[in-house]
**Student:** 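Take a look at the following structure, please.
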There are 2 protein chains.
Amino acid sequence: MSKQALPVFPAGEQCCAPMVREPLGEQDAGELARMFKALSDPVRLRLLSLIASFEGGEACVCDLTGPFEVSQPTISHHLKVLREAGLVGSERRGTWVYYWVIPAALNRLSGLLHAPTPVPAAANSGT
Amino acid sequence: MSKQALPVFPAGEQCCAPMVREPLGEQDAGELARMFKALSDPVRLRLLSLIASFEGGEACVCDLTGPFEVSQPTISHHLKVLREAGLVGSERRGTWVYYWVIPAALNRLSGLLHAPTPVPAAANSGT
DNA sequence: GACTTGCATCGATGGATGTCGATATGGCGA
DNA sequence: TCGCCATATCGACATCCATCGATGCAAGTC
């Protein structure tokens with residue numbers, strides 16, 4: 001293993017070693033847990049997905065309250081959680097507030113979860 | 001209990017379209033939220049990482065109670081949560097119970113979170 | 001069979017979380 | 001300035017969750 005030249009990630013590659021390679025430290029675990037917690041609610045997952053799927057990659061809150069069966073304050077609360085977790089950004093433009101996803105944050109989590117390979121080792125003997 | 005008949009993807013392929021491509025359905029969101037909720041605790045994240053990092057890809061509970069400052073019942077509880085989320089498997093061998101991660105589950109979440117690219121368009125930089 | 005060890009389950013508890021209605025704030029138009 | 005619309009915040013409430021000690025259960029060991 002020559003340790004020269006740190007790898008440069010070509011467009012969307014992961015930034016961090018997968019958590020299956022080496023044990024997470026307490027600090028990293030705490031920070032990552034906070035991000036995953038933001039993803040641990042069905043409404044927030046759908047919100048995130050909906051925002052990212054919108055044309056232009058952003059949506060105003062007025063577009064987000066319709067598809068859900070929860071109240072407007074609840075949507076606002078969930079958006080705040082997503083924002084404070086660093087998963088989305090927001091900006092006010094005149095009357096409306098727009099939200100967009102932050103790809104780097106999602107890709108960080110994605111890279112972290114990536115498991116090397118379907119591991120052919122033992123223990124595949126069912127349960 | 002014949003749980004896993006999950007298809008095995010050739011090294012890192014994802015099974016599902018990223019959630020940033022099209023809005024998640026209610027049902028998918030509910031299932032995925034349950035998996036992310038299992039990842040939303042620092043102890044569980046470290047447990048998962050620790051199990052995967054062990055030689056052979058599996059660890060017995062006796063190896064997992066030491067590195068944490070929580071009680072043995074709490075570790076057992078967290079392992080149950082991870083198992084019921086489909087993220088790890090377990091098996092009793094004599095006196096000890098062994099746990100291992102299920103790569104397909106992690107890769108599913110990984111593929112789902114993957115964002116296409118750091119999006120260059122964006123008239124809105126900052127914040 | 002009695003004792004020991006490894007792990008799971010139980011019941012309790014304090015704190016976190018999702019949800020709501022009411023209300024505040026900020027911006028726009030008349 | 002007044003009123004309306006779009007969002008955020010507040011306070012309250014019910015539920016969920018992480019954690020613990022006590023206890024139960026399974027598998028070795030003597």
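We name chains A, B, ... by the order of the sequence lines, and we start the count at 1 in each one. Predicted, not measured: the structure shown is a model, and the values here were computed from it.
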**Student:** Check every strand shown and say whether A:H77 touches a base, only sugar-phosphate, or nothing at a heavy-atom separation below 4.0 Å.
**Tutor:** base

**Student:** Let's see if you can work this out: which of C:dC7, C:dT19, D:dT9 has an atom nearest to the side-chain heavy atoms of B:V97?
**Tutor:** C:dC7

**Student:** Look at all strands and tell whether A:Y99 reaches a base, only sugar-phosphate, or nothing, counting heavy atoms closer than 4.0 Å.
**Tutor:** sugar-phosphate

**Student:** Does NZ or CZ of A:R93 lie under 6.0 Å from the centre of the six-membered ring of A:Y98, at an angle within 45° of the ring axis?
**Tutor:** yes

**Student:** Answer with base, sugar-phosphate or nothing: what part of the nucleic acid does B:T74 contact at a heavy-atom distance below 4.0 Å?
**Tutor:** base

**Student:** Looking at D:dT19, D:dG21, C:dT19, which one has an atom nearest to any side-chain atom of A:D41?
**Tutor:** C:dT19

**Student:** Taking A:R44 for the side chain and A:K37 for the main chain, is one N or O donor matched with an acceptor at less than 3.5 Å?
**Tutor:** yes

**Student:** Looking at B:A33 and A:L45, what are the two nearest heavy atoms and their distance?
**Tutor:** N-CD1, 3.4 Å

**Student:** Taking CG from A:L79 and P from D:dA8, how many angstroms apart are they, rounded to a whole number?
**Tutor:** 7 Å

**Student:** Where the side chain of A:H78 is defined as all heavy atoms beyond and including C-beta, which of C:dA22, D:dT19, C:dG18 is the nearest nucleotide?
**Tutor:** C:dG18

**Student:** Rounded off to whole Å, could you give me the CZ-to-C1' distance for the B:F68 and D:dA18 pair?
**Tutor:** 14 Å

**Student:** From C-beta outward on A:V70, which listed nucleotide comes closest to its side chain: D:dA8, C:dC7, C:dC20?
**Tutor:** C:dC20

**Student:** Give a yes/no answer on whether the side chain of A:S71 brings an N or O atom under 4.0 Å of OP1 or OP2 in C:dC20.
**Tutor:** yes

**Student:** Starting at CG of B:D63 and ending at P of C:dC7, how long is that distance when rounded to a whole Å?
**Tutor:** 8 Å

**Student:** Looking at every non-hydrogen atom in both residues, tell me the closest pair between A:L64 and A:P67 and how far apart they are.
**Tutor:** O-CD, 3.5 Å

**Student:** What is the distance, rounded to the nearest whole Å, between atom CZ of A:R92 and atom P of D:dA8?
**Tutor:** 8 Å

**Student:** In this structure, how many angstroms lie between the P atom of D:dA27 and the OH atom of B:Y98, rounded?
**Tutor:** 15 Å

**Student:** Relative to the 5' end of DNA chain C, which residue comes earlier, A:Q72 or A:G94, by the nucleotide with the nearest heavy atom?
**Tutor:** A:Q72

**Student:** Rounding to an integer number of Å, can you tell me how far A:I75 CD1 sits from C:dT19 P?
**Tutor:** 8 Å

**Student:** Pick base, sugar-phosphate or nothing for A:R83, based on heavy-atom distances below 4.0 Å to the nucleic acid.
**Tutor:** nothing

**Student:** Looking for any heavy atom pair under 4.0 Å, which part of the strands does B:S76 touch: base, sugar-phosphate only, or nothing?
**Tutor:** base

**Student:** Roughly how many Å is it from NZ in B:K80 to P in C:dT9, rounded to a whole number?
**Tutor:** 5 Å

**Student:** Whole-Å distance between D:dA26 P and B:E91 CD?
**Tutor:** 17 Å

**Student:** What residue among B:L113, B:L39, B:L109 forms side-chain contact (heavy atoms from CB on, under 4.5 Å) with A:L109?
**Tutor:** B:L113

**Student:** Would you say B:N107's side chain and A:H114's backbone share a donor-acceptor pair under 3.5 angstrom?
**Tutor:** no

**Student:** Does OP1 or OP2 of D:dA18 have a side-chain N or O of B:R44 closer than 4.0 Å?
**Tutor:** yes

**Student:** Are any of A:K37's side-chain N or O atoms less than 4.0 Å away from OP1 or OP2 of C:dT17?
**Tutor:** yes

